[in-house]
Amino acid sequence: MIGLHRDLEKRAQSGKPIRFAIIGAGQMGIDIVSQTQMMQGIEVRAVADLDLARARQAYLVAGVPEERLVQATNAAQANDAVRAGKYIITDRPELIVQIEAAESVVDATGNPEAGAQIALWCFEQKKH
């Protein structure tokens with residue numbers, strides 16, 4: 001874990017943190033967002049949930065101010081918002097894999113069928 005801490009610290013200092021997105025804002029998704037907000041060098045830039053209020057709540061619980069949240073409905077809007085330093089919430093999980101800044105996607109849905117679809121979207125967009 002010490003090596004991981006150093007690697008994340010280097011990413012933070014370089015101004016190039018690891019950026020990822022989450023699909024699913026239940027207990028697991030909220031926990032990941034909250035934990036990540038307390039770390040350097042890694043950021044959850046987007047959260048998708050079919051219940052948009054839950055996606056918003058994931059960031060609010062983690063301490064992200066409401067004014068830094070942008071509800072995105074398309075890739076261009078999401079990418080522009082991330083470049084402006086905002087956090088994306090959406091009820092369109094397929095949008096998550098189209099966010100250029102997201103290096104990888106975490107499936108926190110707990111639904112095997114949804115997980116399979118998310119994996120296919122990630123393969124198509126060459127995301128981890």
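Along the sequence shown, residues carry numbers from 1. This one's a predicted model, so the numbers in the text were calculated from it and none came from an experiment.
- For residues 62-72, the set of pairs meeting the salt bridge (Lys or Arg N to Asp or Glu O under 4.0 Å) definition, not counting sequence neighbours, comprises Arg56-Glu66.
- Every side-chain contact (heavy atoms from CB on, under 4.5 Å) that Gln40 has, sequence neighbours left out, goes to Glu9, Ala12.
- Qualifying salt bridge (charged side-chain N to carboxylate O under 4.0 Å, His left out) partners for Glu94, counting only residues two or more places apart in sequence or in other chains: none.
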Just distance, no hydrogens or angles: give the donor-acceptor pairs under 3.5 Å from side chains in residues 118-128, sequence neighbours left out.
from	atom 1	to	atom 2	distance (Å)
Lys127	NZ	Ile99	O	2.8
Lys127	NZ	Ala102	O	2.5

Solution key, residues 19-37 side-chain donor-acceptor pairs under 3.5 Å, sequence neighbours excluded:
from	atom 1	to	atom 2	distance (Å)
Arg19	NE	Glu43	OE1	3.1
Ser34	OG	Ile30	O	3.1
Thr36	OG1	Ile32	O	2.7

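- Here Met38 is tied to no hydrophobic group at all, with no ILVMFWY side chain closer than 4.5 Å.
- Put simply, the side chain of Ile89 reaches to within 4.5 Å of the side chain of Leu52, judged on heavy atoms.
- A continuous path of hydrophobic side-chain contacts links Ile18 to Val106 [ILVMFWY only; heavy atoms under 4.5 Å].
- In this structure, Val61 is not a member of the same hydrophobic cluster as Val47, with clusters built from ILVMFWY side-chain heavy atoms closer than 4.5 Å.
- In this view, Ala114 and Thr109, Asn111 satisfy the side-chain contact (heavy atoms from CB on, under 4.5 Å) rule, not counting sequence neighbours.
- Rounding to the nearest 0.5 angstrom, the gap separating the CG atom in Leu50 from the CZ atom in Arg92 is 11.5 Å.
- Every pair passing salt bridge (Lys or Arg N to Asp or Glu O under 4.0 Å) that includes a residue from residues 96-121 is listed here, sequence neighbours excluded: Arg11-Glu103, Arg83-Glu100.
- In this structure, Leu95 CG and Asn74 CG are separated by 7.0 Å, a value rounded to the nearest 0.5 Å.
- Scanning all heavy atoms of the two residues, the minimum distance from Ile96 to Ala48 falls at CG1-CB, 3.4 Å.
- Annotation: ring-ring contact (aromatic ring centres under 6.0 Å, His included) contacts involving residues 27-68, sequence neighbours excluded, comprise Tyr59-Tyr87.
- Evaluation of the side chain to side chain donor-acceptor pair (under 3.5 Å) rule for Thr73 yields Gln77 as partners, not counting sequence neighbours.
- The CD atom of Gln57 sits 11.5 Å away from atom CG of Asp49, with the distance rounded to the nearest 0.5 Å.
- Using a 4.5 Å cut-off between side-chain heavy atoms of Ile, Leu, Val, Met, Phe, Trp and Tyr, with links allowed through other members, Val44 and Val82 fall into different hydrophobic clusters.
- Separating the CG atom in Leu69 from the CD1 atom in Ile88 is a distance of 9.0 Å, to the nearest 0.5 Å.
- Residue pairs meeting the ring-ring contact (aromatic ring centres under 6.0 Å, His included) criterion with at least one member in residues 97-118, sequence neighbours excluded, do not occur.
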